[in-house]
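Right, one structure below, let's go through it.
Since this is a predicted model, take the numbers as computed values, not measurements. Keep in mind that the numbers below use all heavy atoms, side chains included, and drop hydrogens, waters and symmetry copies. Just so it is clear: chains get the letters A, B, ... in the order the sequence lines come, proteins before strands, and each one is counted from 1.
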Protein chains: 2
Amino acid sequence: MSKSKSNKCQRMTLQRRIIQEILHNTTSHPTAENIYLEARKKLPYISLGTVYRNLKVLLQDNKIQELNYGKGVSHFDGNYFPHYHFVCQACGRVYDIDITMQQGLLESAKAAAMGEITSHRLEFYGICNACLMEKQSQAN
Amino acid sequence: MSKSKSNKCQRMTLQRRIIQEILHNTTSHPTAENIYLEARKKLPYISLGTVYRNLKVLLQDNKIQELNYGKGVSHFDGNYFPHYHFVCQACGRVYDIDITMQQGLLESAKAAAMGEITSHRLEFYGICNACLMEKQSQAN
DNA sequence: TTACTTGCAAAAGCTTTGCCTTACT
DNA sequence: AGTAAGGCAAAGCTTTTGCAAGTAA
């Protein structure tokens with residue numbers, strides 16, 4: 001019997017390990033491009049295609065999460081545990097937000113849905129403190 | 001004084017009116033392509049670029065909402081009133097879901113956020129009844 | 001040794017944009 | 001009449017993919 005449930009990740013290459021490390025050592029929700037640039041510091045010849053391919057494998061293994069806002073780039077989150085986000089509409093940064101959804105809301109969603117719910121996603125949008133401060137200092 | 005707040009929409013062309021009508025007469029959350037195909041039934045020479053340009057204008061005027069799931073196409077929603085959605089992961093259809101977020105959750109989000117929240121988005125994912133039934137009938 | 005992975009580059013898919021023409025107001 | 005908007009097609013961007021070579025196991 002296999003020790004893993006849905007492991008698509010069959011060989012641990014240097015590239016894969018580094019991408020995984022980058023994601024698990026940050027809470028900044030980087031894009032594929034961000035990860036690529038970071039990885040190149042250690043592996044100058046890594047290619048963007050490899051980054052995308054590995055992100056896909058890590059997603060299938062549920063080791064990371066993909067977050068997309070607007071139709072632009074996807075962000076990736078090394079924290080695979082369900083949690084919610086706050087997206088700054090000025091700078092695009094994505095912050096974790098530490099709240100839990102009430103069971104009641106989930107229950108009423110399940111009752112109201114036109115089918116079976118398996119997961120959900122909750123995001124908040126606004127302006128982050130860093131951008132608010134910047135705006136304030138510009139006003140002076 | 002102008003009668004509108006943020007009107008980017010300055011001329012009501014036939015194209016614009018038809019796109020608006022299509023969106024307001026459906027709850028099916030069509031993609032730009034869907035809208036284009038539908039509009040062509042009435043305006044055979046309308047172009048996809050025009051559809052995108054008008055959707056952008058309608059978005060800026062807050063007359064419609066844009067919904068994107070995964071990194072594929074965007075869906076558009078003629079209902080600009082805040083509400084939530086249920087997305088079928090089998091067929092991609094998007095359903096409205098009739099629930100309200102508890103004020104308490106919004107409050108705790110505002111308290112926990114790294115900035116000022118202006119809006120939020122809540123989606124549920126799963127398999128819709130239509131797809132569940134199809135799967136069931138295939139099993140027979 | 002096998003076949004999963006990589007690099008590179010081309011292709012794909014959705015959306016935007018430039019340019020010139022059309023037509024709303 | 002003036003200029004926003006349309007049509008067409010090319011360009012732009014992010015992501016995917018084909019292929020030959022490399023490499024983990």
Side-chain angles (χ1 to χ4, degrees), chain A residues 2-4 6-23 29-61 63-76 92 94, chain B residues 2-4 6-23 29-61 63-76 92 94:
Chain A
S2 158
K3 60 183 168 188
S4 57
S6 64
N7 250 356
K8 304 283 185 291
C9 163
Q10 312 204 1
R11 290 184 191 174
M12 186 47 64
T13 61
L14 190 52
Q15 288 86 338
R16 182 162 297 163
R17 188 162 58 72
I18 286 183
I19 290 169
Q20 223 166 325
E21 278 173 11
I22 290 172
L23 273 165
H29 312 83
T31 64
E33 181 81 20
N34 296 152
I35 296 167
Y36 168 61
L37 293 174
E38 188 64 29
R40 276 216 307 195
K41 292 180 185 169
K42 292 182 176 173
L43 287 174
Y45 298 111
I46 194 172
S47 79
L48 190 52
T50 296
V51 173
Y52 276 107
R53 263 190 286 237
N54 275 296
L55 289 172
K56 213 173 195 176
V57 170
L58 294 172
L59 280 170
Q60 288 180 320
D61 283 1
K63 291 191 176 141
I64 62 172
Q65 289 186 55
E66 183 172 8
L67 317 167
N68 11 48
Y69 312 103
K71 48 192 153 296
V73 289
S74 282
H75 293 249
F76 295 88
V94 179
Chain B
S2 158
K3 61 184 169 189
S4 58
S6 63
N7 251 355
K8 305 282 185 292
C9 163
Q10 312 205 1
R11 290 182 191 175
M12 185 48 63
T13 61
L14 190 50
Q15 288 86 339
R16 181 161 298 164
R17 189 161 58 70
I18 287 183
I19 291 169
Q20 223 167 326
E21 278 173 12
I22 290 172
L23 273 165
H29 310 84
T31 63
E33 180 82 20
N34 296 152
I35 296 167
Y36 168 62
L37 293 174
E38 187 65 30
R40 277 216 306 195
K41 293 180 186 169
K42 292 182 176 171
L43 286 175
Y45 297 112
I46 195 173
S47 79
L48 189 52
T50 295
V51 172
Y52 276 107
R53 262 190 286 237
N54 275 295
L55 289 172
K56 213 173 193 177
V57 170
L58 294 171
L59 280 169
Q60 288 179 321
D61 283 0
K63 291 190 176 142
I64 63 173
Q65 289 185 55
E66 182 171 9
L67 316 167
N68 12 48
Y69 311 103
K71 48 192 151 294
V73 289
S74 281
H75 292 250
F76 295 88
V94 179

Margin query: Less than 4.5 Å apart, side chain to side chain, heavy atoms only: is that true for B:Arg53 and B:Gln15?
Written below: no
Checklist line | Shortest non-hydrogen contact between A:Arg16 and A:Gln10, atoms and distance | finding: NH1-N, 3.8 Å
Margin query: Any side-chain N or O of A:Ser74 below 4.0 angstrom from OP1/OP2 of D:dT15?
Written below: yes
Next item on the list: Figure out the CD/C1' separation between B:Gln15 and C:dT21, and round it to whole Å.
Entry: 13 Å
Next item on the list: Write down the atom of A:Phe76, the atom of A:Leu23, and the distance for their closest heavy-atom approach.
Entry: O-CD2, 3.6 Å
Notebook entry, point to check: For the side chain of A:His75 and the backbone of A:His29, is there at least one donor-acceptor N/O pair under 3.5 Å apart?
Noted result: yes
Margin query: Within this structure, what is the NZ-CG distance for the pair B:Lys56 and B:Asp61, rounded to the nearest 0.5 Å?
Written below: 13.5 Å
Notebook entry, point to check: Within this structure, what is the NZ-to-P distance between B:Lys42 and D:dG6, rounded to whole angstrom?
Noted result: 17 Å
Note to self: What is the separation between atom CZ on B:Arg17 and atom P on D:dA5, rounded to the nearest whole Å?
What the structure shows: 16 Å
Polar atom pairs between nucleotides 17-23 of chain D and protein, under 3.5 Å, N or O only, would you list them?
residue: D:dG18; atom: O6; partner: A:Arg53; partner atom: NH1; Å: 3.3

Item checked: Point-to-point distance, once rounded to the nearest 0.5 Å, from CD1 of A:Ile22 to CG of A:Asn34 -> 10.0 Å
Next item on the list: Only one of A:Thr13, A:Ile19, A:Leu14 passes side-chain contact (heavy atoms from CB on, under 4.5 Å) with A:Arg17; say which it is.
Entry: A:Leu14
Note to self: Rounded to whole Å, please give me the gap between OH in B:Tyr36 and C1' in D:dC8.
What the structure shows: 10 Å
Next item on the list: Assign each of B:Met12 and A:Leu48 to its nearest nucleotide of DNA chain D by heavy atoms, then name whichever residue's nucleotide is nearer the 5' end.
Entry: B:Met12
Checklist line | Whole-Å gap separating P (C:dT6) and CD1 (A:Ile46) | finding: 8 Å
Check: In terms of the nearest nucleotide of DNA chain C, which residue is placed more toward the 5' end: B:Thr13 or A:Thr13?
Finding: A:Thr13
Note to self: Distance check needed: D:dA5 P versus B:Leu43 CG, whole Å only.
What the structure shows: 16 Å
Next item on the list: Grab the CG-P distance between A:Asn54 and D:dT16 for me, whole Å please.
Entry: 13 Å
Next item on the list: Rounded off to whole Å, could you give me the CG-to-C1' distance for the A:Leu59 and D:dT16 pair?
Entry: 14 Å
